[in-house]
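Inspection log for the structure reproduced underneath, given as structure tokens.
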Amino acid sequence: MNDAYAQAGGLLKAARALFVLTGAGISAESGIPTFRGPDGLWKNYAAADLATPEAFRRDPELVWEWYEWRQSIIRKARPNPAHEALAALEKMSASFFLLTQNVDGLHRRAGSVKVFELHGNIFRTRCVACGALADYRPGEPRFCPCGGRLRPDIVWFGESIPAPVWEAALAFLERCDTVLVCGTSGTVWPAALVPPIARRYGSKIIEINLEATPISKTVDLSLLGKAGDILPEIMKFLL
Ligand code: BV8
Ligand code: ZN
């Protein structure tokens, strides 16, 4: 496997502009349940059934209970070696863009700077009435001073993603030459469009995942294993 890590290291070292896409898998080794893994369930609810505006309309308290449960796990969690490797990689890269589907904030806590959160952040709330954003701590009232109900500032299924983030990602994809896809099942749109768009622009694509995914056959290098093991190994070829 060393050859593949050396090859990946060579591609990352030669990258003029590096785009990184991460998903729940990169936080799995920090103890945060992935969406579609065996631990993705909560009190017999599937995550995707709770991460919708309909679920929030139907039972805001249940959805808040789920998010506060996840916040409690994330607060106790620490960035893992995969997050730390990406923060180091950013410092070595001439031009770098990290698009994450995760809402846990662990990339920033690991020291990554150019992090773009496509699906929002679990520690921020948004007022459904006036749109005011605020940091959220458990036990605080779930209503805005304006009287509107507060929701997690997170993009739910069926909701539009933040256009400025997606447009910035597309602009970077157009001019980058290397893309690293790490810890995502590639099932959620529009993030799942990153690899085919990158391929269309002729970028080299490296994938790191525990298992093969729908894009594994289409990338230049598919590395199977834990991101927290593989990324630090690859970084050895960049030092
Ligand atoms: C939108 C916030 C326009 C919530 C999330 C039919 C076909 C195609 C698309 C659609 C469709 N029907 C509807 C759609 C659009 C929909 C969509 O894609 N649905 C899917 C489910 C089919 N998308 C949307 O609605 C998006 N908006 O498109 O806007 C629009 C507007 C109106 C109407 C329609 C469209 C908004 C999507 C945002 C949803 N919100 N998160 C929250 O977090 O509470 S998405 C959620 O899934 C998480 O953010 C998560 O990150 C994300 C993606 O999943 P992954 O990150 O890939 O995680 P997953 O568990 O799936 O996989 C983990 C991977 O890691 C696995 O591969 C595993 O092998 C690997 N792994 C595990 N451990 C490790 C590891 N790898 C390495 N190392 C390890 N240690
Ligand atoms: Zn308000």
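Start at 1 with the first residue, then count along the sequence. Just follow the structure's listing: the first ligand is 1, and inside any ligand the first atom is 1. Note: hydrogens, waters and symmetry copies are ignored here, and every other heavy atom, side chains too, is used. Please read all numbers here as calculations on a predicted model, not as lab measurements.
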**Q.** NZ/NE/NH1/NH2 to OD/OE distance under 4.0 Å, Arg149 and Glu61
**A.**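 A salt bridge links Arg149 with Glu61.
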Consider every N or O of [X] and every N or O of ligand 1, then say whether any pair is closer than 3.5 Å.
X      : answer
Ser185 : yes
Val103 : no
Ile161 : no
Thr184 : yes
Lys226 : no
Gly183 : yes
Pro190 : no

For [atom], which candidate among [options] provides the closest heavy atom?
atom                    : options                       : answer
atom 73 (N) of ligand 1 : Ala24, Ala28, Gly23           : Ala28
atom 39 (C) of ligand 1 : Leu50, Asn80, Val155          : Val155
atom 30 (C) of ligand 1 : Gln101, Glu159, Arg70, Glu117 : Glu159

Q | Any donor-acceptor pair under 3.5 Å from Ser203 side chain to Arg199 backbone | A |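 The answer is no, because no donor-acceptor pair under 3.5 Å joins these two groups.
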Any non-hydrogen protein atom less than 4.0 Å away from [atom]:
atom                    : value
atom 35 (C) of ligand 1 : no
atom 6 (C) of ligand 1  : no
atom 20 (C) of ligand 1 : yes
atom 11 (C) of ligand 1 : no
atom 14 (C) of ligand 1 : no
atom 41 (N) of ligand 1 : yes

Q | Worked check of salt bridge (charged side-chain N to carboxylate O under 4.0 Å, His left out) between Arg108 and Glu90 | A | CA-CA 12 Å; Arg108 281 220 179 78; Glu90 175 177 0; over 6 Å; no
Q | Polar protein atoms (N, O or S) that approach the Zn ion (ligand 2) to under 2.8 Å | A |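 Metal shell, protein only: Cys127 SG, Cys130 SG, Cys144 SG, Cys146 SG.
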At less than 4.0 angstrom from any non-hydrogen atom of [X], what atoms of ligand 1 do you find?
X      : result
Ser160 : 29 (O), 31 (C)
Glu29  : 78 (N), 79 (C), 80 (N)
Gly225 : 77 (C), 78 (N)
Asn102 : 51 (O)
Gly158 : 24 (C), 25 (O), 31 (C), 32 (C), 33 (C)
Glu211 : 69 (O)
Tyr67  : 4 (C), 42 (C), 44 (O)
Ala227 : 77 (C), 78 (N), 79 (C)

Q.
Run the salt bridge (charged side-chain N to carboxylate O under 4.0 Å, His left out) test on Lys226 and Glu233 for me, step by step, so that the C-alpha distance in whole Å, both residues' side-chain angles and the decisive distance to 0.1 Å come before the verdict.
A. CA-CA 11 Å; Lys226 290 184 173 182; Glu233 285 303 310; over 6 Å; no
(Q) Working to the nearest 0.5 angstrom, can you tell me the gap between Cys127 SG and Phe143 CZ? (A)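 Between atom SG of Cys127 and atom CZ of Phe143 there are 10.0 Å.
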Q) In Å and rounded to the nearest 0.5 Å, what is the CG to CG distance from Asp177 to Leu18? A)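 Separation between the atoms: 8.0 Å.
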Q: Check Val188 against ligand 1 and report side chain, backbone, both or neither, counting heavy atoms closer than 4.0 Å.
A: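 Within the 4.0 Å criterion, Val188 contacts ligand 1 through backbone and side-chain atoms alike.
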Q: Check each of Phe116, Tyr201, Phe97 against Phe19 using the ring-ring contact (aromatic ring centres under 6.0 Å, His included) test, and report the only one that passes.
A: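 When Phe116, Tyr201, Phe97 are each tested with Phe19, the ring-ring contact (aromatic ring centres under 6.0 Å, His included) holds only for Phe97.
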Q | Aromatic plane relationship, Phe56 with Trp64 - under 30° parallel, 30 to 60° tilted, over 60° perpendicular | A |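 The arrangement is perpendicular - the two ring planes meet at more than 60°.
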